[in-house]
Amino acid sequence: MEVVVNAATSVDGKLSTRERRQVRISGDADFDRVDRLRAAADGVLVGVGTVLADDPHLGVKSEDRRVERLRNGRSANPARVVADSRARTPTDATVLDDDAATYLLVSEAAPTDRLDALREAGTDVTVITAGTERVDLATALARLEATGVDRLLAEGGGELVFSLFDAGLVDELSVFVGSIVIGGRDAPTLADGEGFVEAVPALDLVDVERLDDGVVLQYRVEGRP
């Protein structure tokens, strides 16, 4: 499986304000770029925090791109994938609608009644259990790959992105850096979590593109095939 992380940050690396309030960082051109990335993916991954805060759809917005996917024998939208250790996804979350298949990555600590409720809430919901207290991402993504998800687009948040890097699962990183400063020591960053101390992931910058009022930085993760 190829894992591509995509995000939009301020110049100081923030995803949103310290209150977790979304700020418009990029513009229409970058939104279209993200739509292209989704259209090329088999699945779009977010953490449950993103689901709780934003209730995203994670689908392809362009009708032409959805039609092209169908012509190629794929579903109109990529699968929605949620890393949700304790099954906190609301039963009325948009990611459970019938626009695409949904995979919930949970741990053994997820309550059975919550899992039953989530399976009943959606028309095509699959639960993948990996890990005791928290999702074991390496195991979960290996099982997800077995379902046919070969290219996975991870859209955050910061805790999930750090966990993917920490597990050595990221192949590419794509970051739109907008021309704003958000600040705040408690504001979420591109990669939160515990942070790296010794084994810091190294990146190879492969492309820089000016877009909207910012730049898109494309990286390959060193050591990945």
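Below, each value reflects all heavy atoms present in this structure, side chains not excepted, and no hydrogens, waters or symmetry copies.
For residues 34-54, every residue pair satisfying the side chain to side chain donor-acceptor pair (under 3.5 Å) rule, not counting sequence neighbours, is listed here: Asp32-Arg36, Asp35-Arg65, Arg38-Glu155, Asp42-Arg74. Pairs engaging residues 178-198 under the salt bridge (Lys or Arg N to Asp or Glu O under 4.0 Å) rule: none recorded [sequence neighbours left out]. Applying the ring-ring contact (aromatic ring centres under 6.0 Å, His included) rule to pairs touching residues 105-149 yields nothing, sequence neighbours excluded.
Taking the ring pair (Phe, Tyr, Trp, His ring centres under 6.0 Å) definition, one finds that Phe165 meets it with nothing, sequence neighbours left out. Looking at residues two or more places apart in sequence or on another chain, you find a side chain to side chain contact (heavy atoms under 4.5 Å, CB included) between Asp166 and Phe162, Phe196. Qualifying ring pair (Phe, Tyr, Trp, His ring centres under 6.0 Å) partners for Phe31, counting only residues two or more places apart in sequence or in other chains: none.
Distance alone, capped at 3.5 Å, is enough to place a donor-acceptor pair between the Ser179 side chain and the Asp213 backbone. No donor-acceptor pair under 3.5 Å is formed between the side chain of Asn77 and the backbone N or O of Ala100. In this structure, the side chain of Asp55 engages the main chain of Thr94 through a donor-acceptor pair within 3.5 Å. The main-chain N or O of Ser85 is never found under 3.5 Å from a side-chain atom of Arg134 such that the two would form a donor-acceptor pair. Under the 3.5 Å distance criterion, the side-chain polar atoms of Thr91 are left unmatched by any main-chain donor or acceptor of Ala121.
Pro78 places none of its side-chain heavy atoms less than 4.5 Å from the side chain of Arg151. Taking 4.5 Å as the limit, some side-chain heavy atom of Leu190 sits within range of a side-chain heavy atom of Val175. Considering only heavy atoms from C-beta on, Val81 stays 4.5 Å or farther from Val149 through its side chain. Val3 is listed as a side-chain neighbour of Asp171, based on a closest heavy-atom distance under 4.5 Å. Looking only at side-chain heavy atoms (C-beta outward), Thr9 and Thr189 stay at 4.5 Å or farther from each other. The closest side-chain heavy-atom distance from Pro90 to Val51 is below 4.5 Å.
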- Item | Leu118 vs Val127, side chain to side chain contact (heavy atoms under 4.5 Å, CB included): CA-CA, chis, key distance, verdict | CA-CA 9 Å; Leu118 289 168; Val127 174; 5.9 Å; no
- Message: Show, in sequence, the C-alpha distance, side-chain angles and deciding distance for Arg33 and Ser174, and conclude whether the side chain to side chain donor-acceptor pair (under 3.5 Å) test is met.
- Response: CA-CA 10 Å; Arg33 179 188 67 87; Ser174 177; 2.7 Å; yes
- Query: Yes or no on salt bridge (charged side-chain N to carboxylate O under 4.0 Å, His left out) for Glu19 and Lys14, after CA distance, side-chain angles and deciding distance?
  - Reply: CA-CA 12 Å; Glu19 299 171 340; Lys14 307 298 184 180; over 6 Å; no
- Message: Could you walk me through whether Leu160 and Leu137 satisfy the side chain to side chain contact (heavy atoms under 4.5 Å, CB included) test, starting with their C-alpha distance in whole Å, then the side-chain angles of each, then the deciding distance to 0.1 Å, before giving a yes or no?
- Response: CA-CA 9 Å; Leu160 174 63; Leu137 286 172; 4.2 Å; yes
- Message: Show, in sequence, the C-alpha distance, side-chain angles and deciding distance for Asp97 and Arg80, and conclude whether the side chain to side chain contact (heavy atoms under 4.5 Å, CB included) test is met.
- Response: CA-CA 10 Å; Asp97 68 19; Arg80 286 80 61 93; 3.0 Å; yes
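Counting heavy atoms of neighbouring residues, nucleotides and ligands inside a 6.0 Å radius, atom CZ of Arg66 exceeds 12 of them. More than 12 non-hydrogen atoms from other residues, nucleotides or ligands lie less than 6.0 angstrom from CZ of Arg224.
In this model, no donor atom of one side chain and acceptor atom of the other lie less than 3.5 Å apart for Asp64 and Ser62.
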